[in-house]
Q: 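Here you go, one structure.
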Amino acid sequence: MNLKKSASDFQPEQEKEWVNSRLFIPSAYLFCAYTASVNFSFFIFVGKTYFGFFVFFSLLSILLLFITIRKQSLNKSGLVIQVLFLFAVITIPFLNRTESINPETISFQRGTVLSVEKYRYSSKVSVINDNKNKCAVFVPSEISINPGDTYIFSGKLSKISSSRIDLFAENYDLVYYYNDNDIIINRIPSYRIRIKKRIESAIQNLYTPQTASVLKALLLGNQNSVPKETIRNFTRAGTLHLLAASGLHVGIAGALPLFILPFIFRNRKASIAGGAIFILLFLLITDMPVSLVRASVMFFFSAFFIILDRKNISVNSLFLSGLIIGIISPREIYSLGFQLSFLATLGIIIFYEYYKAIFSNLKLLSSSLAMTFAAQVFIFPLIILKLNQVNFTGILSNIILVPYYSFLLIASGVSVIASFLFTYSGKLLSIPVEYLTDYSIRIVNSLSSLNGHFRTNNYQIILITLFILPLIPFFFKKFKLHKIIPIIIILISQLSMFIILSSQKVKKYENGGVCGSITIQRENDIYKLKGIFNEENISELTDEFTFNDYGDVSVEIDNNNPENLYHCRIFMNKVKTGEFHSEYASFSGAFLKILSFCESEGIKICIKR
């Protein structure tokens, strides 16, 4: 078998659809034009260096517009409509421009809570004032606060630093840390909040604490109660995405109504509309992470096209969903979560059929392997360049655990629904789910021990080059190559990357050392970190101590300023910490509550009283 003969097998069906499509509003060039406009508006009004991104996306949008016009053979009226859409998309970021904000000039004595995102030790509360300024407020996790509550500030607000790109990406203008004198006026929780809390309560009643924590993450995307060691093992196994509400959830939530409703409605469109409604309800009871929103919007567009008897193309739905998310929240395009979610889906759409053809002889494994490799095509360079890491265990882990957790998601969801209808039936169904969840955690623990998670250090360009080698046959389909050649290239590529990274996997601070303002000392088998945590050293420290198992870690801080405490909390949340030491007794009530929570997790707290 040669590649020329099987070229159609290696060409994604979505690509063929794109070439032959007659969609009225192709969205790829619109999305790129909008992204270019957002970058240009930030370049002008915020003063950030976004000009390079503006040039890149401008050129890309022009190229895609040219391809769209050629493929669709538009007449003059069609061309005018495309130009009007393009003009509208470009002007949107300038209508709601982002200017540099001075906290001293903003009246923010009270605000309304928009949303609450719970973490392990604290919650990030989104608060907006009458002038539509948005503030990220960090409060201890045990503080009762819900959307709709009124928050009255007693301290000073701060401008978001350049290092907090995550807050910038979420449209926050200011940041604030909880003060004991702050006042929160609670209102009656919304129906949505009450439903979510009832589901969480049902899960806790049905399952043991460890299983309940994993299932709350699986069903609702809430990882806050998952033990730190479990999160670490899922990360090292390359399967943390399974505990985040995403496309997997949308696929299952949409498929179930499409399977059940045809027995009630013979009209296929009614079943599809029912699936869209079910996904919307599911979206509302979660924290609505961007991965879930993107997948949901894609499903809505697909359902919309089918109901209107229009040809649906996945890549068009993807770019339309990206465009809508960007219009609602322009800074979201800078969010790493959005970038990973968007690029992984784009990779699957374009390269899934190519990889499936390559692995077709592997029968049952072909789909899982194809999905895994296709999703990695665009996000692999991004992960290496932004996160400085690569995970080889994830390939094996996803083959095993994606189907496993798909079934577990359905089974656990059925048990919770059954518990609302008949308590004993829910309890009965929870027994096998308990066993399956516990067994899955053991599998994750075993996979995480394979040590396939590496830091990339100075090999980024080499690794990216090796990774894209298997894609050569995709772009050069005219060459006559045996089908086994791409598989050989994949094996050589993966093995070469593994050898390069394995040869340099050492503990940088095995015998102690200095990282910025932090001194690392080794006493027997305990590593003691002492000094000031800040934005210059936190990434280096968390990466080093997360990727390499240092064993027992002790933390001692040199002062109690807010920045030091904030970054210290980040380190203790990500790294397995045994002890916390401080000579300073004058901590805020919020930080003392965080330390109390740490103590309940087994961390030894030693502070001057």
Side-chain angles (χ1 to χ4, degrees), residues 116-118 120 141-142 144 146-147 188-227 230-231 234 239 242-264 271 274-289 292 295-296 401-444:
V116 180
E117 186 175 350
K118 291 186 176 293
R120 182 176 305 280
S141 55
E142 66 270 18
S144 176
N146 291 304
I188 299 175
S190 65
Y191 195 64
R192 170 178 168 263
I193 298 296
R194 281 181 282 173
I195 291 176
K196 184 179 177 181
K197 289 186 177 296
R198 189 176 177 187
I199 293 174
E200 290 179 345
S201 177
I203 294 173
Q204 290 172 339
N205 292 333
L206 289 173
Y207 299 101
T208 59
Q210 177 174 270
T211 300
S213 67
V214 172
L215 292 182
K216 278 194 287 185
L218 181 64
L219 290 170
L220 302 174
N222 181 3
Q223 300 178 7
N224 303 313
S225 58
V226 181
T230 302
I231 291 287
F234 269 88
T239 53
L242 294 175
L243 300 184
S246 61
L248 174 68
H249 297 69
V250 170
I252 293 174
L256 287 176
L258 293 179
F259 176 76
I260 297 172
L261 291 179
F263 294 101
I264 304 173
S271 300
I277 294 172
F278 188 77
I279 288 175
L280 179 61
L281 295 174
F282 174 72
L283 183 64
L284 291 175
I285 64 171
T286 67
D287 293 326
M288 290 190 281
L292 187 63
S296 300
L401 292 174
V402 168
Y404 192 111
Y405 269 79
S406 297
F407 174 77
L408 192 60
L409 176 62
I410 297 172
S412 58
V414 170
S415 70
V416 172
I417 293 173
S419 69
F420 290 140
L421 302 175
F422 307 101
T423 304
Y424 291 107
S425 63
K427 276 288 185 183
L428 185 64
L429 291 172
S430 70
I431 296 173
V433 174
E434 176 81 40
Y435 172 79
L436 290 172
T437 307
D438 181 67
Y439 190 68
S440 74
I441 295 173
R442 295 183 187 181
I443 295 174
V444 170

Q: Identify the two heavy atoms, one from Ser213 and one from Val226, that lie closest to each other, and give their separation to 0.1 Å.
A: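 That would be O-CG2, 3.3 Å.
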Q: Rounded to the nearest 0.5 Å, what's the gap from OG on Ser440 to CZ on Phe234? Could you check?
A: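 Ser440 OG to Phe234 CZ: 5.5 Å, rounded to 0.5 Å.
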Q: Taking distance alone, no hydrogens or angles, what donor-acceptor pairs closer than 3.5 Å link side-chain atoms of residues 199-207 to residues at least two apart or in another chain?
A:
{"residue": "Glu200", "atom": "OE2", "partner": "Asn222", "partner atom": "ND2", "Å": "3.2"}
{"residue": "Asn205", "atom": "ND2", "partner": "Ser201", "partner atom": "O", "Å": "3.2"}
{"residue": "Tyr207", "atom": "OH", "partner": "Ser415", "partner atom": "OG", "Å": "2.6"}

Q: Would the number of heavy atoms belonging to other residues, nucleotides or ligands and lying under 6.0 Å from OH of Tyr435 be above 12?
A: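 Atom OH in Tyr435 is not crowded, with 12 or fewer foreign heavy atoms closer than 6.0 Å.
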Q: Rounded to the nearest 0.5 Å, what separation is found between the OH atom of Tyr405 and the CD1 atom of Ile443?
A: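 One finds 8.0 Å between OH of Tyr405 and CD1 of Ile443.
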Q: Would you compute the distance between atom CZ of Phe282 and atom CG of Leu220 and round it to the nearest 0.5 angstrom?
A: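 Separation between the atoms: 7.0 Å.
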Q: Does CZ in Arg198 sit with more than 12 non-hydrogen atoms of other residues, nucleotides or ligands closer than 6.0 Å?
A: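 Counting other residues, nucleotides and ligands, CZ of Arg198 stays at 12 neighbours or fewer.
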Q: Are the side chain of Glu434 and the backbone of Thr208 linked by a donor-acceptor contact shorter than 3.5 Å?
A: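 Confirmed, Glu434 side chain pairs with Thr208 backbone.
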Q: Once rounded to the nearest 0.5 Å, what's the spacing between atom CG of Leu218 and atom OG of Ser406?
A: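 Between Leu218 CG and Ser406 OG, I get 9.0 Å after rounding to 0.5 Å.
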Q: Could you give the distance from CG (Leu219) to CD1 (Ile410), rounded to the nearest 0.5 Å?
A: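 One finds 11.0 Å between CG of Leu219 and CD1 of Ile410.
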Q: When rounded to the nearest 0.5 angstrom, what distance separates CD in Gln210 from CG in Asp438?
A: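 So the CD of Gln210 and the CG of Asp438 are separated by 6.5 Å.
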